[in-house]
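This report refers to the structure that appears directly beneath it.
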Amino acid sequence: MTSPVLRFAPSPNGPLHLGHALSALTGFDMAQRAGGRFLVRIEDIDVTRCREEYVTGIFEDLSWLGITWEQPVLFQSQQFATYVEAAQWLEGQGLLYPCFASRTEIDAAPVPGAVDPDGAPLYPGLHKALPKSEIEARMENGERFALRIDMDRALAKARDRLGGAPLTFTELDEAGNAVVVEARPERWGDAVILRKDVPASYHLAVVVDDARQGITYVTRGQDLYAATDLHRLLQVLMGLPEPVYHHHRLLADAEGRKLSKSAGDTALSALRTARKSAADIRAMVGLA
Ligand code: GLU
């Protein structure tokens, strides 16, 4: 048995708050208990929203919490070539297609009642069957495009790969029981795999990086539970190993709302300035 490998994968688009502390500590504690390795990965593909100062803040906050991690840290913004390579491979399998549609065009053609698990309208398939000549002409014109997954084809290919077995993932629940869950990637429709604005997407980058870093346990918040459907699909299509998942509870503010990066008083740096200790933070997130 190889030793467990866990990671904390924040996006540096705001200061870390208590919710991130719960996420990072959950993974770190699990790695410690299992005698495993712990990595930090900076998910900064969103180059316009991510900032260097937040990266520095992440490292400061984690150190203050008593968390240690391996070097070097992987920055996704330095890995675009590998995401493009993975997308090209999927495209070569006939599983992705170019989509030139703008947000406005997509919003103007909603399929009534069809929303993804995040509540966003499902892609109505506008450019799914563009003639090859039009695709070539638009590309020659320099029109930008996203690459979307052809969900029907992807599901068929995954069924082949799995020899008819269902697409599943293993979830460790809060009590530590392993539960096998059926993945339903069709809920996401023809999701974007390579974005128009950056040569990556969250779903593709996370799958490529979890595999290349040998992550055996993915610990993250419940808000990403449904995304696991798509991650498992991509793993099967690309022949990548399957990690075990643990989606931890989310913290809410006093009004019961999910914590957000703008929630100033729960920012770890603010709590540090207010002379809270790492032990106080553990108690505040329910890990004492
Ligand atoms: N970068 C994501 C976030 O900050 C987490 C991704 C993951 O853990 O899979 O929400």
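These values consider heavy atoms only, across backbone and side chains, with no hydrogens, waters or symmetry-generated copies. Note that ligands are numbered from 1 as they come in the structure, with each ligand's atoms numbered from 1 the same way. The residues of the chain are indexed from 1 along the displayed sequence.
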Q. If you count the atoms of ligand 1 from 1 in the order shown, which ones are under 4.0 Å from a heavy atom of Val206?
A. 9 (O)
(Q) For ligand 1, which is the ligand I care about here, please tell me if Val218 has any N or O atom under 3.5 Å from one of the ligand's N or O atoms. (A) no
Q: May I ask you to test the Ile281-Trp64 pair for a side-chain heavy-atom distance under 4.5 Å?
A: yes
Q: Check each atom of ligand 1 against the heavy atoms of Glu43 and keep those under 4.0 Å away; list them by number with element.
A: 1 (N), 2 (C), 5 (C), 6 (C)
**Q.** Heavy-atom check, side chain of Ile58 versus side chain of Pro12, under 4.5 Å
**A.** yes
**Q.** Nearest-0.5 Å distance that lies between atom CE in Met238 and atom CZ in Arg161
**A.** 10.5 Å
Q: Decide yes or no for Phe145 and Leu130: does some side-chain heavy atom of the first lie under 4.5 Å from some side-chain heavy atom of the second?
A: no
Q: Mind checking whether Asp223 contacts ligand 1 via backbone (N, CA, C, O), side chain (CB onward), both or neither, at a 4.0 Å heavy-atom cut-off?
A: neither
Q | Sub-4.0 Å atoms of ligand 1 with respect to non-hydrogen atoms of Arg220 | A | 7 (C), 8 (O), 9 (O)
Q: Please could you name the atoms of ligand 1 that Tyr202 approaches to less than 4.0 Å, counting only its heavy atoms?
A: 6 (C), 7 (C), 9 (O)
Q. If you count the atoms of ligand 1 from 1 in the order shown, which ones are under 4.0 Å from a heavy atom of Arg7?
A. 7 (C), 8 (O), 9 (O)
Q. Is the gap between the ring centers of Tyr225 and Phe169 under 6.0 Å?
A. yes
Q: Could you list which atoms of ligand 1 come closer than 4.0 Å to a heavy atom of Leu224?
A: 5 (C), 6 (C), 7 (C)
Q.
If you count every heavy atom of other residues, nucleotides or ligands that lies below 6.0 Å from Arg187 atom CZ, does the total exceed 12?
A. yes
Q. Is there at least one pair of N or O atoms, one from Thr219 and one from ligand 1, spaced under 3.5 Å apart?
A. no
Q.
Using 30° and 60° as the class boundaries, would you call the ring planes of Phe59 and Trp69 parallel, tilted or perpendicular?
A. parallel
